Amino acid sequence: MNIVVLVKQVPDTYSERKLRESDGILDRDATDNVIDEIDSRGVEAGLQLTEAHGGEVTVLTLGPDRATEVLRKALAMGAHKAVHVVDDAFAGSDALQTSAALAAALGKLEFDLIIAGNESTDGRTASVPAMLAERLGIPQVTFVRALEIDGTTLKAERTVDGGYTEVTSPIPAVVSVTEKINEPRYPNFKGIMAAKSKPVTTFSAEDLGLAAGDTGGAVSWSIVLDAAPRPPREAGEKVNDDGSAGTKVAEYLASARLI
Amino acid sequence: MSDVLVLVDHFDGALRKVTPELLAAASRIGNPVAVVVGAPGTAEALAPALAEAGAATVYAAESAEATQYLVTPQVAALAAAAAATSPAAILLAATIDGREIAGRLAVRLDSGVISDAVDVDADAVATQSVFGGSYTVRSKVSRGTPIISIRANSIEGSAPAAAGTVTPLEFSVDAAASATIVAVHTEPAGDRPDLGAASVVVSGGRGVGSAENFTVVEALADALGGAVGASRAAVDSGYYPHQFQVGQTGTTVSPQVYVALGISGAIQHRAGMQTSKTIVAVNKDSDAPIFEISDFGVVGDLFDVAPQLTQAVQARKG
Ligand SMILES: Cc1cc2nc3c(=O)[nH]c(=O)nc-3n(C[C@H](O)[C@H](O)[C@H](O)COP(=O)(O)OP(=O)(O)OC[C@H]3O[C@@H](n4cnc5c(N)ncnc54)[C@H](O)[C@@H]3O)c2cc1C
Ligand SMILES: Cc1cc2nc3c(=O)[nH]c(=O)nc-3n(C[C@H](O)[C@H](O)[C@H](O)COP(=O)(O)OP(=O)(O)OC[C@H]3O[C@@H](n4cnc5c(N)ncnc54)[C@H](O)[C@@H]3O)c2cc1C
């Protein structure tokens with residue numbers, strides 16, 4: 001079975017992330033950029049399925065030139081090939097535009113399953129997988145913590161607020177995984193060397209037949225009006241426990257009328 | 001005045017708390033119209049509560065299939081309601097399902113979507129709190145019908161009561177593009193409040209040391225009438241279930257009081273709790289970064305401090 005895994009390059013969550021003052025769009029130059037951790041779990045899930053059922057994993061990203069780094073990372077983990085949707089025309093895309101470009105790229109690929117992360121760590125809209133399913137006219141099985149393929153049927157445990165549901169679906173489908181799905185493997189030396197010669201195909205907006213009037217922040221479906229940084233929190237009182245700190249906390253909470 | 005559609009979030013025959021909040025937000029923009037998706041009879045049963053919360057009309061999108069498929073019945077129902085009313089906006093809860101319904105619906109209606117808003121004004125301009133509350137962003141849908149998912153506990157005020165007239169709504173679900181729900185397992189919530197909505201949250205980290213030791217965290221949470229949370233390290237170590245994780249990839253909480261026990265305060269943990277009103281931390285290490293954002297910090301052993309605090313709180317309650 002052939003699987004496309006979506007991977008996104010995001011600002012490292014260990015660094016301080018910034019929005020550009022001019023337009024409130026993510027400043028990707030202000031931080032280190034890495035493969036979103038959740039997407040390395042998506043790659044792992046894809047690799048485990050192809051190891052069990054045969055077939056190939058293709059990783060797909062939409063992002064600027066340097067997003068090839070995350071494709072190389074996924075190839076080093078063991079993905080077979082990569083597709084990079086890259087064009088200055090995509091800068092500032094919203095989730096609708098991102099899903100439209102990804103769906104157009106998927107239209108050029110063969111797949112039995114699409115795997116994404118449940119929620120990116122930057123935009124966090126948790127909506128791209130559902131948007132893709134709608135654009136492709138297939139089911140979406142999201143927030144999956146356990147996944148199994150039986151012939152042409154997919155069985156999954158899906159996390160919901162306050163529990164989980166058992167879900168089945170025909171394939172092809174769009175699956176999104178949560179961080180409980182697996183622990184991603186680390187690329188080893190052999191994998192890193194092999195990645196260098198694996199194919200990376202690029203698509204521009206024109207290659208995908210996307211009209212100039214529909215791409216990029218200037219014509220997005222939603223716009224940022226303004227963005228203001230929140231003043232940093234100040235540290236308050238700090239005490240060493242002399243055997244009465246528990247009581248002191250209670251006094252503090254009571255004096256602030258919190259208990 | 002234009003209609004504003006609200007997808008009713010309900011469970012076990014009752015409205016979830018976020019639904020009146022959505023209706024309140026809708027009433028700022030226009031005339032609140034509730035859309036109930038469920039098994040036959042659901043809308044009739046919820047109508048009095050919806051009328052009280054401000055719904056002028058209650059659309060009943062009901063069928064046996066409505067509860068059988070994942071997300072697509074709600075998308076179909078909202079698309080049908082949008083065709084019937086040409087609404088000024090469509091509001092949903094920013095839950096797992098809500099954000100996905102919003103996503104699929106946005107594509108179907110060729111409309112923009114704003115995810116996880118913490119406020120919305122009369123012009124459907126939404127406020128988002130991003131990067132763990134480091135920025136406040138105001139944004140607006142510029143194409144199609146604004147579809148906005150709203151975080152629970154963030155909308156103030158309420159809508160005036162309205163008629164709540166139940167009206168059947170025709171809709172059809174494309175089974176071929178739907179996943180089927182086979183079984184639902186809800187974990188008993190017990191007496192504790194919902195993590196995302198609680199006004200007090202007591203969280204334990206790796207410093208708690210074991211699953212058994214989490215009773216120390218639970219006892220303090222119960223004394224304070226709060227919810228229990230956990231760091232990812234505590235979840236990964238198997239001390240506490242995943243759905244209680246607070247942080248970047250867990251739940252975002254913003255309670256009146258957040259108590260961090262044995263949590264170092266990694267940036268990804270802070271991203272899920274740093275907008276709490278008051279933060280109390282107990283940590284053995286006086287250099288732990290959690291103290292940088294704590295209003296009251298205790299350098300000490302949580303197994304001494306937390307039980308004493310629990311007792312002191314109980315004593316004050318009498
Ligand atoms: C702070 C912030 C807030 C935003 N709010 C909104 C908003 O309210 N509405 C809106 O329309 N847009 C919004 N955006 C823009 C949006 O984040 C981007 O368009 C983004 O590319 C897609 O959404 P996401 O990151 O939220 O993805 P999610 O839906 O959270 O991502 C889930 C998964 O989809 C896949 N995926 C997502 N993007 C890509 C990609 N570029 N390449 C490959 N795979 C991908 C990954 O597997 C990812 O794990 C926001 C951006 C930021 C930085
Ligand atoms: C992409 C990504 C997403 C992440 N998402 C999240 C998330 O959602 N939530 C989250 O929490 N983390 C998240 N993390 C992990 C995060 O980086 C930290 O690893 C994690 O928060 C550490 O948890 P901790 O503070 O419990 O453990 P540690 O950092 O190990 O801290 C334990 C603390 O307990 C103290 N301690 C030990 N014993 C005692 C005692 N008896 N009394 C008092 N104090 C004691 C120690 O001094 C120490 O400070 C994420 C990481 C990444 C890369």
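Note that the structure is predicted; figures quoted are calculated from it, not measured. Numbered from 1 within each chain, the chains take letters A, B, ... in sequence-line order.
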Discussion item. Taking A:L132's backbone N and O only, do any of them form a donor-acceptor pair with B:R104's side chain (distance below 3.5 Å, no angle check)?
Written reply: no
Practice prompt. Evaluate the side-chain proximity of B:V235 to A:K180: yes if any heavy-atom separation is below 4.5 Å, no if none is.
Written response: yes
Worksheet item: Which bit of B:V280 comes within less than 4.5 Å of chain A, counting heavy atoms only: side chain, backbone, both or neither?
Response: side chain
Worksheet item: Side chain, backbone, both or neither: which part of B:T136 has a non-hydrogen atom closer than 4.5 Å to chain A?
Response: both
Worksheet item: Heavy atoms, side chains only, cut-off 4.5 Å: are B:I181 and A:E166 in contact?
Response: no
Worksheet item: Roughly how far apart are A:T159 OG1 and B:H242 NE2, rounded to 0.5 Å?
Response: 7.0 Å
Discussion item. Between A:E16 and B:R270 (salt bridge meaning N to carboxylate O under 4.0 Å), is one present in this structure?
Written reply: no
Fill in: Pick from A:N240, A:D226, A:V224 with the largest number of heavy-atom pairs that fall under 4.5 Å of chain B
A:D226
Worksheet, complete the sentence: Heavy-atom nearest pair, B:G300 first then A:D241, reads CA-CB, 4.0 Å
Practice prompt. Nearest 0.5 Å please: distance from the CD atom of B:Q308 over to the OG atom of A:S244.
Written response: 6.5 Å
Fill in: chain B contacts, top residue of A:S169, A:G137, A:P170, A:A133 (heavy-atom pairs, under 4.5 Å)
A:A133
Worksheet item: Under 3.5 Å, side chain of B:S142 to main-chain N/O of A:W221, donor-acceptor pair present?
Response: yes
Worksheet item: For B:T275, is it the side chain, the backbone, both, or neither that has a heavy atom closer than 4.5 Å to a heavy atom of chain A?
Response: both
Worksheet item: About how many Å separate CG of B:D116 and OG1 of A:T125, when rounded to the nearest 0.5 Å?
Response: 10.0 Å
Worksheet item: Taking A:A228, A:S127, A:S15, A:A156 one by one, which has the highest count of heavy-atom pairs under 4.5 Å against chain B?
Response: A:A228
Practice prompt. Measure distances from B:V298 to the heavy atoms of chain A and classify the residue's part below 4.5 Å as side chain, backbone, both or neither.
Written response: both
Discussion item. Just verifying a value: how many Å separate A:I138 CD1 and B:D174 CG, rounded to the nearest 0.5 Å?
Written reply: 11.5 Å
Item to complete: Pick one of side chain, backbone, both or neither for B:V200, based on which atoms fall under 4.5 Å of a heavy atom in chain A.
Response: neither
Worksheet item: Does B:D295 come within less than 4.0 Å of A:K238, counting only side-chain N to carboxylate O?
Response: no
Item to complete: Could you tell me whether A:E179 and B:R232 make a salt bridge, using a distance below 4.0 angstrom between a side-chain N and a carboxylate O?
Response: yes
Worksheet item: Of the backbone (N, CA, C, O) and the side chain (C-beta and beyond), which part of B:V130 lies under 4.5 Å from a heavy atom of chain A, both, or neither?
Response: side chain
Worksheet item: When only pairs under 4.5 Å are counted, which of A:V167, A:D94, A:V141 shares the most heavy-atom pairs with chain B?
Response: A:V167
Worksheet item: Any side-chain heavy atom of A:M131 sitting closer than 4.5 Å to one from B:L105?
Response: no
Item to complete: Using distance alone, with no hydrogens and no angle criterion, decide if A:T13 and B:Q248 have a side-chain donor and acceptor under 3.5 Å apart.
Response: no
Worksheet item: Strictly by modelled atom types, are A:R230 and B:Q274 linked by a side-chain donor-acceptor pair under 3.5 Å?
Response: no
Worksheet entry | Between CD on residue A:E134 and CD on residue B:E100, distance to nearest 0.5 Å | 12.0 Å
Item to complete: Can you tell which part of B:S178 gets under 4.5 Å to a heavy atom of chain A, answering side chain, backbone, both or neither?
Response: backbone
Worksheet item: For the candidates A:P139, A:G236, A:A173, A:P229, which exhibits the highest count of non-hydrogen atom pairs separated by less than 4.5 Å from chain B?
Response: A:P139
Worksheet item: For the residue pair A:L26 and B:F131, what are the closest heavy atoms and their distance?
Response: CD1-CZ, 3.4 Å
Worksheet item: Is it the backbone or the side chain of B:A102 that comes under 4.5 Å from a heavy atom of chain A, or both, or neither?
Response: neither
Fill in: Short N-O contact, A:R158 and B:D97, less than 4.0 angstrom
yes
Discussion item. Let's go through A:E119 and B:R99 carefully: what are the C-alpha distance in whole Å and the side-chain angles of both, what is the deciding distance for salt bridge (charged side-chain N to carboxylate O under 4.0 Å, His left out) to 0.1 Å, and is it a yes or a no?
Written reply: CA-CA 10 Å; A:E119 175 182 294; B:R99 289 181 300 169; 2.9 Å; yes
Fill in: Note, B:V113 side chain near A:L96 side chain (heavy atom, < 4.5 Å)
yes
Discussion item. Out of A:R135, A:K18, A:R145, A:R124, return the one with the most heavy atom pairs under 4.5 angstrom to chain B.
Written reply: A:R124
Worksheet item: With a 4.5 angstrom heavy-atom cut-off, which part of B:T278 approaches chain A: side chain, backbone, both or neither?
Response: both
Discussion item. Would the distance check show the side chain of A:E237 and the main-chain N or O of B:F296 forming a donor-acceptor pair, the cut-off being under 3.5 Å?
Written reply: no
Fill in: Residues A:T165, B:H185; criterion side-chain contact (heavy atoms from CB on, under 4.5 Å); working and verdict
CA-CA 6 Å; A:T165 50; B:H185 306 264; 6.0 Å; no
Discussion item. Using 0.5 Å steps for rounding, measure from the CG atom of A:L253 to the CD atom of B:Q256.
Written reply: 11.5 Å
